[in-house]
Trainee: 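Below you will find the structure I want to go over with you.
Keep in mind that this is a model prediction, so the values were computed, not measured. Just so you know, ligand 1 is whichever comes first in the structure, and atom 1 is the first atom listed for that ligand.
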Amino acid sequence: MARTKSSSSIRWRYLNPAYYLKRPKRLALLFMAFVFISLFVWDRQTLVREHEDELLRLKEEVEHLQIELEELKHEGGVSVTKTNITTKRIDIIKTNDLDTDPIEAQRREKVKDAMVHAWSSYEKYAWGHDELQPQSKNGVDSFGGLGATLIDSLDTLYIMGLDEQFQIAKEWVANSLDFNKSYDASVFETTIRVVGGLLSAYDLSGDNVFLEKAKDIADRLLPAWDTPSGIPYNFINLVHGNAHNPGWTGGDSILADSGTEQLEFIALTQRTGDPKYQQKVENVISVLNKTFPADGLLPIYINPHRGTTSQSTITFGAMGDSFYEYLLKVWIQGNKTSEVKHYREMWETSMKGLLSLVRKTTPSSFTYISEKIGNSLIDKMDELACFAPGMIALGSSGYGPEESSKFLHLAEELAFTCYNFYQSTPTKLAGENYFFHSGQDMAVSTSWNILRPETVESLFYLWRLTGNKTYQEWGWNIFQAFEKNSRVESGYVGLKDVNTGVKDNMMQSFFLAETLKYLYLLFSPPSVISLDEWVFNTEAHPLKIVPRFAPGEEHKPSIRVRARKEGRFRDSSNP
Ligand code: DMJ
């Protein structure tokens with residue numbers, strides 16, 4: 001009994017504080033064990049809490065993705081939301097901030113300065129007019145008084161982060177832009193500058209005012225397509241809706257003027273849900289496809305009654321150019337799906353035709369695209385055709401590997417020729433067109449320069465698609481030539497003659513829409529207006545690529561304004 005009692009008291013003595021007070025080493029050991037156990041437990045609990053938070057966040061994300069997926073199923077495609085687009089803008093700014101190449105950043109700032117100079121001159125002397133005449137310091141309404149420069153500049157201001165200027169311009173669009181003008185407007189110019197500019201501003205900012213205005217002007221243009229063949233008349237009165245073709249074409253419609261509205265009008269259908277815009281412009285391509293020649297090259301004049309072409313010049317320059325550009329770009333805008341396969345096929349056919357026009361100069365072997373009348377090739381190339389290297393590079397990736405590198409190589413050779421259009425003159429600015437005489441390489445013919453963008457456009461695409469910094473160097477040289485010859489106290493002017501440097505008195509709206517934008521993007525990271533997400537119209541207005549509607553499918557707008565409510569996305573129109 002005594003033995004049992006003593007062994008139990010030995011066991012319990014460890015709970016008696018007096019035991020430890022007499023043994024300080026054991027007390028210290030006990031204290032350390034306590035600290036370790038507490039730290040271990042605390043650490044586990046923190047980990048569990050963090051995991052719970054992470055799980056909750058992931059659950060929320062899955063929930064949002066499920067909602068998006070549901071919407072996808074209902075709408076037949078991914079909805080591009082105002083929220084998403086606005087986030088993109090934040091991405092643009094962030095990307096710029098993170099950019100580390102100091103030379104690129106410096107050059108980009110210089111181009112931005114040029115935009116600020118051009119814009120503030122327009123603001124001061126020509127506000128609300130179509131274009132600024134910098135030497136006489138006044139505005140002119142070359143497009144019927146639709147604020148062409150202002151609308152053409154919206155997206156450039158936005159992309160460059162010129163927010164204050166963008167807001168002021170937006171106020172003007174909301175309060176002063178008026179299309180109710182009895183003016184015979186060019187369907188082509190109004191579409192590429194005004195419809196395109198407004199839609200791009202809408203896609204970037206998500207502000208509905210731009211979409212409303214784009215719809216207003218497009219509705220006024222739409223009767224131009226009401227012809228026996230569906231090939232549009234190229235001019236229309238914005239109030240009365242009576243359409244016609246200019247007398248100098250002999251009543252014919254012009255190829256580029258009739259086949260360069262597809263991107264904008266398809267985009268408008270996607271954003272409004274109204275099929276009529278897309279139907280009118282796609283019909284034009286169907287009509288032309290019926291009699292599309294084996295070489296894919298169409299003469300520049302088309303009879304709007306019969307829908308057939310008459311013998312006239314074949315060119316990738318003036319009056320032909322952007323028809324070919326839009327065949328490729330509608331395919332890109334349509335996500336390269338089977339819906340738009342025929343656009344790609346037509347474009348590839350035209351590229352075969354283009355190859356048949358390619359020639360080399362002597363003695364220096366510059367590659368150029370000739371023109372054609374009947375069976376005769378003409379050794380002439382417009383600077384306007386210098387958009388082609390960019391287009392060919394953009395389309396090259398759609399071919400198999402061999403063809404793809406062949407076309408990319410051609411694009412690079414053509415871009416070199418176009419750059420030499422600039423380098424070969426005393427001002428280092430290109431003339432309007434060039435002739436190629438045997439033994440003499442290239443000779444400038446029409447010698448003005450009106451601040452056109454095509455060469456820098458191609459340099460932009462080639463730099464984006466090859467990563468070759470040479471294209472940035474060439475673009476920088478061209479920019480410096482503009483700064484040297486075209487910058488005046490109140491804006492930028494063209495040159496009457498690139499040999500003498502004598503200036504004209506016009507700041508073309510495409511200088512702000514295209515030339516400066518492409519130069520800015522040439523010195524920006526490729527994620528700024530990524531070519532995977534955006535397609536540029538022929539006036540350099542980026543349009544967001546969204547899902548394409550199948551024919552006959554019920555049209556619902558693909559770009560909608562949505563608000564976040566109770567953790568779920570809902571239609572703001574149906575709160
Ligand atoms: C622009 O209006 C467009 O790029 C059009 O397609 C052709 N010409 C001018 C710029 O040169």
Trainee: Any protein N/O atoms within less than 3.5 Å of an N/O atom in ligand 1? List the atom names and distances, or say none.
Mentor:
{"from": "ligand 1", "atom 1": "2 (O)", "to": "Glu539", "atom 2": "OE1", "distance (Å)": "2.6"}
{"from": "ligand 1", "atom 1": "4 (O)", "to": "Glu514", "atom 2": "OE1", "distance (Å)": "3.3"}
{"from": "ligand 1", "atom 1": "4 (O)", "to": "Glu514", "atom 2": "OE2", "distance (Å)": "2.9"}
{"from": "ligand 1", "atom 1": "4 (O)", "to": "Thr538", "atom 2": "O", "distance (Å)": "2.7"}
{"from": "ligand 1", "atom 1": "6 (O)", "to": "Thr538", "atom 2": "OG1", "distance (Å)": "2.7"}
{"from": "ligand 1", "atom 1": "11 (O)", "to": "Arg452", "atom 2": "NH1", "distance (Å)": "2.7"}
{"from": "ligand 1", "atom 1": "11 (O)", "to": "Glu454", "atom 2": "OE2", "distance (Å)": "2.6"}

Trainee: Around Lys110, counting heavy atoms of other residues, nucleotides and ligands shown, do more than 12 lie under 6.0 Å from its NZ?
Mentor: no
Trainee: Classify the angle between the aromatic ring planes of Tyr518 and Phe536 as parallel (below 30°), tilted (30 to 60°) or perpendicular (above 60°).
Mentor: tilted
Trainee: Does Lys496, at its NZ atom, have more than 12 non-hydrogen atoms belonging to other residues, nucleotides or ligands within less than 6.0 Å?
Mentor: no
Trainee: Should the heavy atoms of other residues, nucleotides or ligands under 6.0 Å from CH2 of Trp172 be counted, would the total exceed 12?
Mentor: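 Atom CH2 in Trp172 is packed in, count exceeds 12.
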Trainee: Taking the six-membered ring of Tyr399 as reference, does the cationic atom of Arg344 (NZ for Lys, CZ for Arg) lie under 6.0 Å from its centre and within 45° of its axis?
Mentor: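 Here Arg344 passes the 6.0 Å and 45° test against Tyr399.
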Trainee: Over 60° means perpendicular and under 30° means parallel, so classify the ring planes of Phe421 and Tyr434, tilted if in between.
Mentor: parallel
